[in-house]
There are 2 protein chains.
Amino acid sequence: MSDVARAAGVSLMTVSNVLNGRPNVGAETRLRVLEVVDELGYEINLAARRLRSGRTGTVSLIVPRFDHQYYSELAARISDVLAPEGLHLVVEQSGASRERELSALSLARLQQYDGVLLSAVGLDFQDLDRIHPDVPIVLLGEQDVPDRYHRVKMGNVTGARLATEHLVECGARRIAVLGGRLEAPHPEMATYRARGWAQALEAAGLSPDPSLAIPLESFSIAEARSAIRERVQGGLEVDGVLGVTDEVAIGAMAGLRDAGLVVPEDVQVVGFDNLRVSEHVGPGLTSVDPGHDAMVAHALRLLRQQMDNKGTTPEHVVSEVALVVRGSTRRPVNDRK
Amino acid sequence: MSDVARAAGVSLMTVSNVLNGRPNVGAETRLRVLEVVDELGYEINLAARRLRSGRTGTVSLIVPRFDHQYYSELAARISDVLAPEGLHLVVEQSGASRERELSALSLARLQQYDGVLLSAVGLDFQDLDRIHPDVPIVLLGEQDVPDRYHRVKMGNVTGARLATEHLVECGARRIAVLGGRLEAPHPEMATYRARGWAQALEAAGLSPDPSLAIPLESFSIAEARSAIRERVQGGLEVDGVLGVTDEVAIGAMAGLRDAGLVVPEDVQVVGFDNLRVSEHVGPGLTSVDPGHDAMVAHALRLLRQQMDNKGTTPEHVVSEVALVVRGSTRRPVNDRK
DNA sequence: CCCGCACGGTATATCGATAAACCAGGTGGT
DNA sequence: ACCACCTGGTTTATCGATATACCGTGCGGG
């Protein structure tokens, strides 16, 4: 920058003012500076600016894994909303381990950004309670979090209930929840969704059979596929499957086919997340739509509030879910049409 | 940091030395400093460190879209390799537009990182030729690039040829290339893969029918699905489809089913990319595996070379492809087994 | 005629860390 | 006895931009 200043015959500060579109610079001087700038191919040093001004113009999204479709769709959505506002999004992977999430959350890293969207799965209440980040932060996700954080989550229980009710209405009676886990030390996505499943079954007078809650480790398609295949081949009777995520449900459809069962005739399947691909696999996957756009809008609103005036009272927002019916479920039995 | 120094009764520099594990600090002093550090909850300021030292410890991956599975799988792979080496990966989305790619490439942004992996699709040869980034950079992708860049790409032509040959061997005669574009101002992924398709057909004595090269805009599943459905319903005869990507191929399978055709009996389908989901959709998608791991290894090796000693001669690496056969294609007709 | 203020711009201190030079005291070799 | 060198530090300058205070000049109002 001092090169530019010298070449243009002005002071450092004037160059800075020109580059930041600040007033108090004559039109002529401004022009001359701009000329010199692109003659020398000068580009501002963001590290220095950040050191002095404290702003970076970038927001970070921290997700457990890049290659879980839910997160990559989320990232794309957020980036698309942020870009027109002149904010840059960078995405980091925390690896879903508590260790790596903590290190991603290290204040040092967070300082780098004007705001952080954290989709944590490995951290529990206590971890979050110990940390006092001084960066605007919004938590996305399902675990319990201290009140002082802003937070957006989906209607997990409601969604799973809707999905299960739909399966019941469509005639399913032995409904498994693949990836569901009824009791867990710390409640998380899989717990809440299993809870919705249990509620719906009880409401329908079907008591939830614990052997129909099939836990998973990684919630990957491959894992889901082999899990359901093995159970069915081992004699488990099912006529409905609620996958705790769409990826799990996609795995379930593949596993059921492996076992010689046909979707939706023999077994009906519902997922959760309404991924873009879900419309196109098999007969089309019936899925719970978590209201992606609304979630993103809420999260960014909360983030912006914090970024603008530092003193906002924390909000916990729950997005509205809706069931999207496709070919992996049949028609409701008492549908007269 | 000066607070820490004062509280520990040492100089700034000693604190810095402790924090960076440098020698020349007594064990006792080191301990005392560390105590004070976590008593005060001090965290180093990365912006300042970066300003002074020039290093950031982070590498950036710039992709067109987060929500194209190919890129999210790539990102996850790279992050997994980098993490154990103490390097942090952040991913940015360029939006696949030339404008936004250029702005992502603005030197100012690039300066922020120790290295950049750029998966460009919007930039052409001339754009890249005009730019002279002084950050280590490796290009991933298919377009032509100036020699001075390091670059890793896949064997597009070869892969598409393999795939098409396989379709021919399995009895297909009217093979469409969905997403393929035979002539284009700047060659890109779709062009190269269409080229492989044409080569294989010619080698088999089947002249490539231009009406069987069906271009796409976005290469999304939905677009691919409706494109193939419309063509088939419009009377186009096909018994094989090469999707230029797996997402396109997945769309193709759905579209063919829409049109009442069965895969692989009526029409065989092959994709390109070997996504993780591809194994699990429909009868399993036969696909060209681009050698993900090898690509990542090459790219990171090239990046590291540049990061270590500034003077390496640019390399252009082509990764090896291999066909993975699954249920969306039949058995070769002259398979005696 | 003098005061006050807007305009266009400059000088300086500063953000927080680190590289480099420097320094005191002890130790071993010759 | 003297020099060289290691150990465990400290001091100082610096990275590049920006916030803040400041300074002439010209002009309108009282």
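Throughout, a chain's letter reflects where its sequence line sits, starting with A, and its residues are numbered from 1.
- Under the side chain to side chain donor-acceptor pair (under 3.5 Å) criterion, Y113(A) pairs with E92(A), not counting sequence neighbours.
- Spacing between atom CZ of R6(A) and atom P of dT10(C) amounts to 14 Å, rounded to whole angstrom units.
- Every residue two or more places apart in sequence or in another chain that forms a side chain to side chain contact (heavy atoms under 4.5 Å, CB included) with E315(A) is listed here: H150(A), R301(A), L302(A), Q305(A), V317(A).
- When heavy atoms are screened at a 4.0 angstrom cut-off, V15(A) is found touching no nucleic acid atom at all.
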Listed pairs, N/O of protein and of nucleotides 23-28 of chain D, under 3.5 Å:
none

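- Identified under the side chain to side chain donor-acceptor pair (under 3.5 Å) test for residues 39-50 of chain A, with sequence neighbours left out: N20(A)-R49(A).
- Look at CG on N24(B): it is 14 Å from P on dA20(C), rounded to the nearest Å.
- Partners of T56(B) according to the side chain to side chain donor-acceptor pair (under 3.5 Å) rule, which considers only residues two or more places apart in sequence or in another chain, are T58(B), D114(B).
- Residues satisfying the ring pair (Phe, Tyr, Trp, His ring centres under 6.0 Å) test with H298(B), not counting sequence neighbours, are none.
- Checked against side chain to side chain donor-acceptor pair (under 3.5 Å), S79(A) has the following partners two or more places apart in sequence or in another chain: Q93(B).
- Contact between the side-chain N/O atoms of T14(B) and the OP1/OP2 oxygens of dT10(D) is found at a separation under 4.0 Å.
- In terms of modelled atom types and a separation under 3.5 Å, the side chain of S319(A) and the main chain of P290(A) share a donor-acceptor contact.
- Not counting sequence neighbours, the partners of Y70(A) by the ring pair (Phe, Tyr, Trp, His ring centres under 6.0 Å) test are H292(A).
- The ring pair (Phe, Tyr, Trp, His ring centres under 6.0 Å) test applied to H88(A) returns no partner, not counting sequence neighbours.
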Indicate for each nucleotide in nucleotides 14-20 of chain D, in 5' to 3' sequence, whether protein heavy atoms under 4.0 Å reach the base (B), only the sugar-phosphate (S), or nothing (-). BBBBBBB
Scoring nucleotides 22-27 of chain C by protein non-hydrogen atoms under 4.0 Å (B base, S sugar-phosphate only, - none) yields ------
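- Residues satisfying the side chain to side chain donor-acceptor pair (under 3.5 Å) test with D3(A), not counting sequence neighbours, are none.
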